[in-house]
Structure formats: C-alpha cells, structure tokens
Amino acid sequence: MSASPRASLHPLRYVASAAACALATQVDPLLGLSDGQPPVLQIGLGVAFAVVLLFGLAHALPVMLVTLAQGVLAGQTPLAATLNAALIGVLVCVGTQVLRTFPLQPYPRMRADHYAWFIGVALLLAIARGASDAWTSGAPFYLSDWTLHAAAHFAGTLLVVQLVAGWIGRLQLQRLMADLLTVLPWLLLTLGVTAALFLRVLDGPEPYMLVLPAVLVWSAIRLKVRWMSLLLVLMNAVALYGTQTGLGPFGSETPLRALLLLQAFVITMSIAPYSLSITLNERAAASRRARTREAQLLDLFDGSIQGILIHRQFQPLYANRRAAELLGFQSVADLMGQHSLADMVVADDLPVISSDSNRRLLASGRVLPMQLDVVRIDGQRRTLDSVIRQVSWDGAQAIQATFIDVTDDLRARREQRARLERQDGQLAAIMRLSVDHALSAGDDAALATLTEVVADALSVSRAGVWRLDVDTGRLRCMDLYDRRRIDVDRGHVSGAVLAASAFPDYFAALRSGRTIAAADARRDPQVHEFTGGYLDAEGVSAMLDAPVFLDGRLAGVVCLEHTGDVREWAHDEQRFAGEVATLLGRFLVARERHRAQAEQVRLSAILDATPDYVSTVDTDLRITYLNLSARRTVGLTGSGLPDKLLVGDLYPPDAYRHYLKVELPAVMKDGIWVGETRLRKHGGGSVPMSAVRVAHRGADGRVQFISSVLRDISDIKRNEQALRVANETLEQRVSERTAELAQANERLKDLDRLKSMFIASMSHELRTPLNSIIGFTGVVLAGMAGELNTRQHDQLTRVYGSARHLLALITDVIDISKIEAGFIDVFEERFEVEAVIDEAVQSVTPAAREKKLDIEVRVPPGILVQADRRRLLQCILNFVSNAVKYTVEGTITVEASVRGSWLDISVEDTGIGMDDTGLARLFQPFERIDSHLRVKTPGTGLGLYLTRKIATELLSGSVDVQSTPGVGSRFTLHLPREGSGRATEGSRP
C-alpha cells in the first residue's frame, strides 16, 4: 500500500531541516571581518532554533546529526563532537519549550509581550552556545572570546528567527505585490541611508547616525512586521559588507573594535526597530479595531430593536434610528432637531416621570422600569415599555431611556386573554355536552341543548345541526337555534331541507372533510351559492360549518352563523366547531344504535309472534338465536338459550346428516337453500318442516352466520295424502261434469237467442206507436191543427224531444239485439268517404253552431271504400255528435286517411277529455262520463257501445280512443277498404 501524502511529507521535512542547518554552518565562516576572530553573525543556532520552533522537538534530531557530522569533519574527537551536538539539541529544545509554554500565542505569531520572552530565550541560548565555542580542552578560557561568540550567536538568532517568523505562513502573491508597491519606497529610503553610512568613507558618522534612527522609526510606523524583518536583514548585510570593505564608519577601526561595534549595531538594529514595528503595528491594529468596534457599536445601536434616547430635560442629546422610528420621525436628524420631547408624553404620565422620588432613585444609580403612553409625531398613540437611568454626557448628568413599543404586545395579550376566556367557554361547553346523558343516548330532545350551548359558547346568532340523507342527497335540519327569535318556540325550528344538487360547491367543500370558515359568506366561493336568498333573508354575514362523517361518508353538518359584520373565525373556534361535529357524530351513532335496538326489540317481538320456527347458527354450528315458536317446539322455557346448544341437538339423526351433507354445503356455496327437513319434537318424535336457510356474509365476504326459517307442514302432508287419493277419481268426475256443463251451455245459448229475438220484436212493436206520436206531434207543432199558445208549444216540444230520444234508444237496443242475435244484415257498396263524412257533419252543424264550435274536415278527395254505408255513417255520426256534446269551446276536427288496405277515420275535439278510469268504462253499455256536462247533455250511454259493436262485428274493423283530461279526445275508426273480411294489405289495428 502506498503511504499517504501527509506521511510521505515528514521525511522531506527532516531532510529540509538537516539541509538548512548544514547550509547555515557553511555560511557562518563567510560573515567574519578577519582571520582569527569569530564571525560577526553566526546563523547556525538561529536556523536550528527556527526549525525546531516551526516543526517541533522531533526536528532537533537532524539538527544534532548535522552538528555531529560537521564536528567530526572539522577534526573534533567523536566525544567532543557528540557533546557539542547534544548541547545544540538541548538548547534549542529547552528554548522552544519555554516559548511554547509561556507566551499566549505560539511561534511564529509573536506579539510585543511575546518578543521579550523571545529575546531572553535567544540570549540564554547565545550565551550557552558562546561558552561552548570559546572553551577548548587544555587551553585557558577567555571571557572576551565567550562574549564575541555569544554576541555573534545572539545577533544571528535575532535576524533568522525574526525573518522566519515574518515570512512563514500563507503568502498570497497578489497581496505581496500590492504591499510591495507601498513598502518599496521605505525600503529603498532606509537602505539608501544605510548605504550612505556604510558604503563610503565619511569625515564623521554623526549626521548619518542621527538620520538612520529617524528613518527606521518612520519605516517601523509604515511597514508591516514581515517587511520590517526583511529590511533589517538587508540593512545589516549592507553594514557588514561596508565594514568588511572598510567603507563604513567601523571600517577605520581595529578589527576587534570594528567587530564589537558592528555586533552592537546588528543587535541594536535587530531588537529596537523590530520591537518598535511590532508595537506600532499592534497599536495601529488596536486603533483600527477600536474604530471598527465603535462603528460596530454605533451600527449595533442603530440596528437595535430598542429605541435608545439620551436627553436632558427632554431635550434630545443622542438617539438611534429605532428611537426615531418608534416616535414617528422620518430620521434621527428630525428627532434631534426637536427643542423638547415633553409634549409627546401623555399628560397623565409626565408628572410620574418628573417626580422627585424618581429623580432621587436615578441619582442613586438605580435603573427604573417605566411604562408610558406617547403621542407620536404622526398623531398615533403608542405605549412604550422603557428603562431609564442617569448617565454622564459631555460632563453633565443626563437621562438615558431604552424603550420598545409594546402597543401590539398589549393588544396581543388582550387578544390572548380574550382567546383564553373564549377557549375556557368552549371547553366548558364541550365538557357540558360530553356528560349530557340525553345527548349520549341519542335523544332528539338533546339537540336543543346542543345548539343553545354552542351558540352561547361562540356568541353566534344561529346554531344548527343538519342530517344528510345519503339516498336522496338532501340535508334536513334536525334543530336550528336562533337567539333573535327566542320568543317563538324558544328560538328552535326544524324540518328545513337543502338539496345537494342545488348547492354543488357547498357540498363539495363539505365532502372534502375541512371545516368551512367563511368570514364573508357573500364572497366566499364555498358558500356563495346561498347569496341572494338564505343569507339575505336571515342577515347572515359569516358561516362556520363543520362536516360530520360516519364510516368515511358525509353524514351531517354543524352550521354556526354570525349576523351583522363579517367575522374572522379563529383557529380555536374552527377546532371547537370540529369537536361539536364529533359530538354530533356520536349522537347520530347513538341515535342509530338506539333505533337499531328498538328495531331489534320490535323484530324480536314480531319473530316471537310468528308461528314459524326462526333460528340463527354461527359457523361452528352453535345455536345463537331461537324465536318463541322455536323454543316451544324444542321444549325450551324462558328467553335464554342453554350453553353450547348445537344444531345436532335439534334434528333427528337422519335429518342432521342431510343437514351436514346437503344443506350446509349448498347454503355456504349458493347463499341460500330451500327444501324440507324434520325437526326433533319435545316429548319424542319429529315434525316435518319446510326450510329456508340463508347465509349472511360480512364485509370481507366470509359467512358470519346462517339464519333458518322453518314451518310446520304436518297439515300440508296430510292434505297431500288426501289429494293423492282424490286425484285417483278426479278424471271420472271431470268427464261427468264436462258433459253437464256442455248441456247447460247449449241451453244458455238458446235462451240468449230467444232474449234477443224477444227484444227485437218488442222494440219493433214499440217503435211503431212512437213514430205515430212523433209524426202527429210534429204536425201540431207545425200549426196544421191550429194555433198553439206559448205554454202548449213548450210542452209539446218537450214531448216531441222525449219521443225522439226514446225512439233512438229503442233503435239502438234493436240494433244491439240484432247484432248479438246474428239477425242483422250487411249491405256493402262502393262509395266516396268524403260524402258520408259531410252528411254526418251536416247533421250536427246546427248543434255546433248553437255552441259556437268550429268543425274542420280534412278528407282527401276521391277515397273510395267498400262497406255498409248506413252503418259507417252511424259510427261517424256517433263520434261527431259526442264531440259536440262534450266540447264547450274550441274546434272539432274530422280526418280521413288511407293506410295500405285500411281506412282510418278520426274525430278529434277540444272537449273535457277523460282520465284512465273514464276510458276503462267508455265502451260499456249504459255508461256515461262523469262531468259537469252530464246533466245538460242527453244520452243513453249506448252510442259508443253500439259503435264498437258495428265496427268490429259488422264492418270487420276496430275503434280506439286517446284522451287527456282538460285537453280533449281523439276517436279513430279503422275498417278495410275492400269490404268485410277482404283486406289483404296492412295489419288489423
């Protein structure tokens, strides 16, 4: 497996650490002024210190290995080289641990307070390392050598560690280039002054020695610590080079003096400017942070949700934006421009604020909470919740007020209090209804209590409960309480009905299951269908309707109605309506259960009253129910059943086997079985029974129980036996009786013919004197026998009319008798139908004209028919005369049309018409229609009877009628065009 990138990086770090230390030890000899003297700078210790500070104590090992190798190569004994390497390792580790333990921030982020620790540690390391370099085994130890080596190590450590501390970290090239443009002038200026001092021979160093510190101070002010560390390295390199070449102020000195002066210069120029740069940068950063914090505080104050106002005698001294907003000003400047804010405080609160007691408390340092009302600059009155205290402002005492607007909070609290009170009322109402025994029992009288309690709990004018009839889709009001009409039936009404089809949007909203909360009922799309009728009539402005569901189906609704202004329904009110709907659902369930129980009792009573045997059996063949007759049949007393009563206990063995093998499988498969069985009888024996067994299935399709209805068929069995005996002699008795009936039938036919012949003969004898009476009466009325007075003329007219009516009756009776006796003759001829119809119409025209009736004839010309003209005229005349008799106003229409080999003649009137009862009696003899015209219209009731006889028996046709009460009637005669019995086309109607 390959090593991770992080793991592969550590060996490279160790190699880099060793290489840096080796390079530093090679550079050190190049930094001397002359042979025999130690270098001015020794950077090896500084590099080792920086490596361990950066990468950890573990990197002291490559430092020690490099030092050991260089010592051995320089001719030291292995022991001396090892001790020297160990000393280096111990020094850098101890120094690193000290700097990592005591400063607040670890290296390389050094601050001014950290820098003192670093100088101390670096000095101690330099002194220890200098002592090691100055000591030689077997030679005297010189303090001067120790000092020179310690100074060299100290100076080198200062420069290297400072440079590494400034430039180790995340370096962004773009930012470095931007910084370089700013710092380059100061770098060049400082290096120029340093070069002028150390790279040329001067008569005296005093002017430049004074200029260089000043330039360094300005550079420390302008440059960051990073660039300052680089400047110090470059400046000391210039000084070292100038001294080495003898151009600087120290080049004219002796080598030892020049070394000491240059070391002092390097150390001084490393500590003083660097520490000054750190301090100045920290102060600049602190100043920036202070300004930023001040701006942040101001932004915090301006962005605060609390208003902050400092005033003296109500004259504003300071205010944030929120204070201006809370007091109604457009800006802080508008508020500060006010001479006094006292006028904004409500007069009742001003004395309280300015009271002596409050002043003493504020003077003692107390913080006073206070609530006051103010009138904003825009005229609104608001309530402020404030905290005031005494503060010092511009050397004088002032009042600081921190306040917020609690007007909405107070309103919300009042609304919350009202909501809590409302919810308490709703809870009390629910509790009261929950313990109402009448409501829980499904008593209809409890609905009045429910609607009253709900109306009082929600303070609505009307509260109603409605029940939906699923079959009819109609919503019926069970109880509606109207507080405005309490003087009428205590404000309760019921029975109103709403059809779902008339309010589709409303019922769709109910079926969605959500409570309808219509704040403005006239505009709400769910209840807008009531606008213009119900809402306007009752003055309802808002509706809160909660649907009631039973078994997942809409079963009813609780309707709460508010009158007056529109009303927003709160969430708790909607929840309360839903709870009331739940109570109504429980009531409906209880009522249905109560009715079911009552129905069960009623059915049990009915079943107990029936003589049939009724039982129910579960799937384990246990008897679960027996009616009274069944219990008596099997010898059980009381209303209860014995435990573990089984089907096999009630049937004989053979009947029980048939039950298991035939009856039970059939009823389980088909759902029903019908047949006969035998039931064990109390006291012994068995009773034959007819049985009907039905399987009752649940919602899952499984059989839950089987019901049986058995009936005692003992008498039927005995009758069947007797019937079988009687059937054996039945054929002989039937033959004898049939012969007797045939003889009696022949005698009846003879009698009927004799009756018809007698009636025909007698009618002929009656018609002869009637014709004489009619003739002589007509002569007298015509004045041939002398003048008649008015009374005589009127009486003779009545005699004349009655005689003619009697003659018509006798004629009809004769015709009917002849037809029934078969003595009437048919004389067929070919003639035009139009002439016959005109003759019939002319006969009734005077009567129609007297009643102002119009007669329309619609007969196509040229229609010929082969029939008995006199009998056809008689039929048409009967139809037309009846139409005139029973038509008060309007039109009588006579039509004729050809339909294949058949001729259809119809007479339609606009008379009184007939209902189904009249049509059923229409063609019976001596039957007349019951109407207000019956008294005024003469008739015998034989005309239509005779017409149908003539049409069917003489003309081989038929008659039908269509009639509507109050609209009129249409009589139609159908007859063959080619004579009786010779129609070949079409079908007989």
Side-chain angles (χ1 to χ4, degrees), residues 808 811-812 815 818-819 824-887 889-911 922-923 943-964 967-989:
T811 301
D812 289 343
D815 290 341
K818 287 182 177 180
I819 292 172
I824 195 166
D825 297 325
V826 177
F827 301 98
E828 292 185 353
E829 59 181 311
R830 182 171 294 275
F831 57 88
E832 286 192 3
V833 176
E834 183 178 8
V836 178
I837 293 176
D838 288 341
E839 184 178 350
V841 170
Q842 291 299 325
S843 299
V844 299
T845 296
R849 187 179 298 111
E850 183 179 352
K851 299 180 68 173
K852 299 180 180 179
L853 299 177
D854 295 332
I855 300 178
E856 296 182 4
V857 179
R858 301 174 184 174
V859 181
I863 297 177
L864 299 176
V865 65
Q866 182 76 21
D868 189 326
R869 189 178 188 284
R870 176 172 170 273
R871 297 303 176 186
L872 178 59
L873 175 63
Q874 187 176 359
C875 292
I876 297 173
L877 186 59
N878 276 334
F879 284 164
V880 177
S881 62
N882 275 345
V884 173
K885 291 178 183 178
Y886 293 102
T887 300
E889 59 182 5
T891 304
I892 299 171
T893 304
V894 182
E895 295 179 335
S897 61
V898 176
R899 181 174 49 84
S901 297
W902 293 86
L903 174 66
D904 297 336
I905 301 174
S906 62
V907 178
E908 183 175 1
D909 61 59
T910 58
L922 184 64
F923 292 103
L944 292 177
Y945 176 71
L946 178 60
T947 300
R948 188 171 68 171
K949 282 282 188 181
I950 294 172
T952 57
E953 298 185 17
L954 300 183
L955 301 180
S956 298
S958 63
V959 176
D960 63 34
V961 61
Q962 298 174 354
S963 182
T964 302
V967 177
S969 303
R970 181 184 180 91
F971 290 85
T972 303
L973 172 65
H974 308 280
L975 71 158
R977 294 179 59 193
E978 298 302 326
S980 174
R982 291 191 293 273
T984 58
E985 298 180 8
S987 60
R988 183 168 182 170

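Since we're looking at a predicted model, the values are computed, not measured.
- Nearest approach of Cys875 to Ile950, heavy atoms of both residues: SG-CG2, 3.7 Å.
- Remark: the backbone N or O of Gly968 is not paired with any side-chain donor or acceptor of Asp909 at under 3.5 angstrom.
- Here Asp854 contributes atom CG and Thr887 contributes atom OG1; the two are 11.5 Å apart, rounded to the nearest 0.5 Å.
- The closest donor-acceptor contact from the side chain of Asp904 to the backbone of His974 lies at 3.5 Å or more, if one exists at all.
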Worked check of salt bridge (charged side-chain N to carboxylate O under 4.0 Å, His left out) between Arg871 and Glu953: CA-CA 11 Å; Arg871 297 303 176 186; Glu953 298 185 17; over 6 Å; no
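- Heavy atoms only, all atoms of each residue included: Val865 and Pro976 are closest at CG2-O, 3.9 Å.
- Between the side chain of Ser901 and the backbone N or O of Arg977 there is no donor-acceptor pair closer than 3.5 Å.
- The CD1 atom of Ile905 sits 9.0 Å away from the OG atom of Ser897 when rounded to the nearest 0.5 Å.
- Using a 4.5 Å heavy-atom cutoff, the side chains of Asp868 and Leu954 are not in contact.
- Nearest heavy-atom pair, Gly890 versus Thr910, reported as atom, atom and distance to 0.1 Å: CA-OG1, 3.3 Å.
- Side-chain contact between Leu872 and Phe831 is present, with heavy atoms from C-beta onward closer than 4.5 Å.
- In this structure, OG1 on Thr952 lies 10.5 Å from CG on Leu973, to the nearest 0.5 angstrom.
- The line from CG of Leu877 to CD of Gln842 is 12.0 Å long, rounded to the nearest 0.5 Å.
- Inspection of the Ser906 and Thr972 side chains reveals no N or O donor paired with an N or O acceptor under 3.5 Å.
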Before giving the answer on salt bridge (charged side-chain N to carboxylate O under 4.0 Å, His left out), spell out for Glu978 and Arg830 the whole-Å C-alpha distance, their side-chain angles and the decisive distance to 0.1 Å. CA-CA 9 Å; Glu978 298 302 326; Arg830 182 171 294 275; 3.1 Å; yes
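- Of the residues listed (Ile855, Asn882, Ile892), the one engaging Val844 in a side chain to side chain contact (heavy atoms under 4.5 Å, CB included) is Ile855, and it is the only one.
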The test is side chain to side chain contact (heavy atoms under 4.5 Å, CB included); show your working for Val833 and Leu903 and say whether it passes. CA-CA 9 Å; Val833 176; Leu903 174 66; 3.5 Å; yes
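- Between atom CD of residue Glu856 and atom OG1 of residue Thr891 there is a gap of 5.5 Å, rounded to the nearest 0.5 Å.
- Note that the CD atom of Glu908 and the CZ atom of Phe971 stand 11.5 Å from one another [nearest 0.5 Å].
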